[in-house]
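Worth saying up front: this structure is predicted, and the values here are computed from it rather than measured. Start at 1 and go down the list; that is how both ligands and their atoms are numbered.
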Amino acid sequence: MSLANGRPYLAIPGPSVMPDRVLAAMHRAAPNIYAGALPDMVETLWPDLRRLAGTRHHVGIWLANGHGAWEAANANLFSAGDKALVLATGRFGIGWAESAKSQGIAVEMLDFGKSSPVDPARFEAALRADRAHEIKAVLVTHVDTASSVKNDIPALRRVLDAVGHPALLAVDCIASMGCDEMRMDEWGVDLIVGASQKGLMVPPGLGLIWASDKAVERCRDAGLRTPYWDWTPRFGAREFWQYWHGTAPTHHLFGLRESLTMIFDEGLEAVWARHAALARTVWAAFEAWGAGHPSIGLNVADPAQRGHSVTAARIGPAPAATRLRGWLEGKAGVTLGIGLGMSTPEDPAGDGFLRVAHMGHVNAHMTLGVLATMQAGMVALDIPHGPGALDAAARVVAGAA
Ligand SMILES: *Cc1c(COP(=O)(O)O)cnc(C)c1O
């Protein structure tokens, strides 16, 4: 029999759970795009989006997913043949590099593997080797959704400053915005890429770019711009239509309005703290399951280097993780994320790896529920695991709440 019927829980790292309030805000007739509720409401989005990223500078929205937002960033930063230094800490840094290469950007890649953040010493050496200052921008992922590695963005800024290298610092925050702390201006970040369907709890379809005055100034002549990707008219818009280069993403914008209201009603720092506590809850369970069972373990060893929106972990030997995901979906109504880009020679399909998302509209009962159903699945499938995971998870929740 199956115990899956009831409200399902999609615990994959994007799209994330959409709050009923966001869905209700989107449930309306097509609005007029020339006057009225939509243009009036959109003026309230810009200050809240700036506050979300921690910037007083620019923000724009494109009808696009994260891949589109990467292209928007690349097109506004670079001319063909310009150099980008990509710091890869999982699958998504590599993806951004591929997108830049396909647009004609000269990419130098430093790959730090699948379980570690950027090594500041290697980053510094690459900057020092660039005596002619050919690197125009450094592209890095804040939280890589495949590995769940989190990079220390202020530390990267300090390296750039210590070397005296003028490259812009561009950060992919698609998986971390609204989940992990981000203070764009204070941290000296020049560009942020975001998307609607993760911590922002809105369906996929909005690509966001935040940019510093310095980035706008430095990139005035970026030659990869096309009329659609160019940020100039969007950042300088006076009239509603100028933000969109075509029809606005009407319903997504009402959803985003509601999600920002929810975030700021809770308080941005409280939202970050909730994600941190739920992440620690998940980690505590994995640590208990993995005690004495080395085939189970978190992908990132140091808690300070783990993102708060998603946890990547081994549940081996393959295909244990894939079997467990199947059991959870079929028997318990929970869908976990696949192991993305985590194949090894022993496990070419990545079936000993999975991801638990805890981004956006998630709370203690959802997280404890996922962990308890995972444990039920391990029992049902005879996947050996250490005891005490749910007690450990409950202790984290009790201590945090
Ligand atoms: C999800 C994600 C992307 C890609 O976004 P899509 O909307 O799937 O194109 C890029 N970077 C990060 C860090 C992500 O989490």
*Asks:* Other residues, nucleotides and ligands only: do more than 12 of their heavy atoms fall within 6.0 Å of CZ on Arg122?
*Replies:*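 Enclosed: over 12 neighbouring heavy atoms sit under 6.0 Å from CZ of Arg122.
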
*Asks:* When the ring planes of Trp229 and Trp62 are compared, do they come out parallel, tilted or perpendicular, using 30° and 60° as the limits?
*Replies:*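 Ring orientation, 0 to 90° scale: tilted.
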
*Asks:* Among all the protein's non-hydrogen atoms, which is closest to atom 1 (C) of ligand 1, and how far away is it?
*Replies:*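 Ranked first by proximity to atom 1 (C) of ligand 1 is Lys198 NZ, 1.4 Å.
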
*Asks:* Check contact between Val143 and ligand 1, using heavy atoms of the residue and a distance below 4.0 angstrom.
*Replies:*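 Heavy atoms of Val143 do come under 4.0 Å of ligand 1.
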
*Asks:* Using the six-membered ring of Phe123, assess whether NZ or CZ of Arg158 lies under 6.0 Å from its centre and within 45 degrees of the ring axis.
*Replies:*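 That pair does not qualify as a cation-pi contact.
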
*Asks:* Using a 4.0 Å heavy-atom cut-off, which part of Asn65 comes near ligand 1: side chain, backbone, both, or neither?
*Replies:*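 Both backbone and side chain.
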
*Asks:* Looking only at protein heavy atoms, which one is nearest to atom 15 (O) of ligand 1, and what is the separation?
*Replies:*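 It is Thr145 OG1, 2.3 Å.
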
*Asks:* Could you tell me whether ligand 1 has any atom less than 4.0 Å away from a heavy atom of Trp70?
*Replies:*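 The answer is yes: ligand 1 sits under 4.0 Å from a heavy atom of Trp70.
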
*Asks:* Does the residue Asp144 have a heavy-atom contact with ligand 1, meaning some pair of atoms that are separated by less than 4.0 Å?
*Replies:*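 Outside the 4.0 Å threshold, so no.
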
*Asks:* Do ligand 1 and Thr141 have nitrogen or oxygen atoms that lie under 3.5 Å from each other?
*Replies:*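 Such a contact does not occur with ligand 1.
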
*Asks:* Is it the case that ligand 1 has an N or O less than 3.5 angstrom from some N or O of Ala195?
*Replies:*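 So ligand 1 has no N or O lying under 3.5 Å from an N or O of Ala195.
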
*Asks:* Just by distance, with hydrogens left out, do Arg314 and Asn299 show a side-chain donor and acceptor under 3.5 Å apart?
*Replies:*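 Absent: no donor and acceptor within the cut-off.
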
*Asks:* Pick one of side chain, backbone, both or neither for how His142 approaches ligand 1, counting any non-hydrogen atom pair under 4.0 Å.
*Replies:*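 Neither; no heavy atom under 4.0 Å.
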
